[in-house]
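Chain letters run A, B, ... following the sequence lines, proteins first and then strands; every chain starts at 1.
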Amino acid sequence: VNTFTSLIAGCQKTGHWQDALAYMDMMREKGVSPNVRTYTTLMSACTRAGQWQRALEAFTAMEREGILPDVAAFNSGISAYAAAGAWDRAWAIFGEMKRAGFQPNIRSFNALMSACERSEEPDRALEVFRKIERAHETPTAVTYNTLLSALGKAGRYDETIIYFKQMRKSGLKADAFTLTALLTACERVGKWQEAVQFDADFRAAGVATNLRHHNCLISVFSTAEQWQLALRKLRYLQDRGWRPDAVSFSCTIVACQRGGESELALQLFDEMLLAKLVPKGYLFATLISACERNGDWERAIGLYDTMKEMQIDAP
RNA sequence: AGCCUAUAC
């Protein structure tokens, strides 16, 4: 059982949820019964791969087999609802867990807060934060990161900063997740200079950077209509050996387009395709309508054909 | 052997 559970855990990293399900079948064939940890791992693998529906199915399947969920299993259930954008359902399972006689741990609270964050319910996230204090649990860096993200996304910049300071005072280490949340907060209120400052501060503090946070900064520039900065950041990343992904390119392209740099946007788009990155439908739509506005019908049609060839649906 | 967090649309 442990071997299979480990194999399924490996699927979490790769995002191969089909393999995870295949291992479940393989277990049955060999007469090995999955336990609560196996199911918890499976749920996590599915949720991370965007298959929250399957995660919930696994939860029901587990109960049907008479396996009682424990706190970790409930936490995965809360996460699945978080991924579904259903904070109220997450809240419901959280209550169910307590009714079943389990004490929620800090991860349960974090998962619940994450559900509020994803559902864009910052006040609910704050409510969870107060629940944590009432339960005499100690907030972790994940707790703060999630709260900062919930507030930042809602454009509640001042509160984001207040809780960030509180996080630092608690002696918790800020990381790339913290930075991303701060950058998003800046983005929502148009404070791109502050975003640049946070980025510099975190670097100076030696916080490990990652592509997601770099993308977030590009997005800040895009929203702030600073296409030159967005482009410079993209090139800087490439020069430093990073491989920009579809989000990096999309944000930069949208920034250029918004700045009236249609030609540049199209060049970047070609570069994106050359890098074998797959654009989403809305990016095609943005560029096609821009070409139409410019009277460049030929390229508009060309883009449309490419979109069809790549089998990408219109947004 | 399992559970919690962040990026544009």
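- Of the residues A:T143, A:N105, A:N75, the one that meets the side chain to side chain donor-acceptor pair (under 3.5 Å) test with A:N110 is A:T143.
- Taking the 5' to 3' direction, RNA chain B first and last meets chain A under 4.0 angstrom from a heavy atom at B:A1 to B:C9.
- Counting non-hydrogen atoms under 4.0 angstrom, A:A111 reaches the backbone sugars and phosphates but no base.
- Evaluation of the ring-ring contact (aromatic ring centres under 6.0 Å, His included) rule for A:F94 yields A:F109 as partners, not counting sequence neighbours.
- No contact: A:S222 has no heavy atom under 4.0 Å from any strand.
- Note on A:T40: a base of the nucleic acid sits closer than 4.0 angstrom, heavy atoms only.
- The residue A:A255 sits apart from the nucleic acid: no heavy atom pair falls under 4.0 Å.
- Among the atoms of the strands shown, only primed sugar atoms or phosphate atoms (P, OP1, OP2) are found under 4.0 Å from some heavy atom of A:R118.
- Looking at heavy-atom distances under 4.0 Å, A:V247 makes contact with a base.
- As judged by a 4.0 angstrom heavy-atom cut-off over every strand, A:D175 is placed among residues making no nucleic acid contact.
- In this structure, A:K153 pairs ionically with A:E117, as a charged nitrogen and a carboxylate oxygen lie closer than 4.0 Å.
- A salt bridge does not link A:D239 with A:R235: none of the charged nitrogens is closer than 4.0 Å to a carboxylate oxygen.
- Partners of A:R188 by side chain to side chain donor-acceptor pair (under 3.5 Å), not counting sequence neighbours: none found.
- A salt bridge is defined here as a Lys NZ or Arg NE, NH1 or NH2 lying under 4.0 Å from an Asp or Glu carboxylate O, and A:R124 with A:D88 fails to meet this definition.
- Looking at heavy-atom distances under 4.0 Å, A:S219 makes contact with sugar-phosphate atoms alone, never a base.
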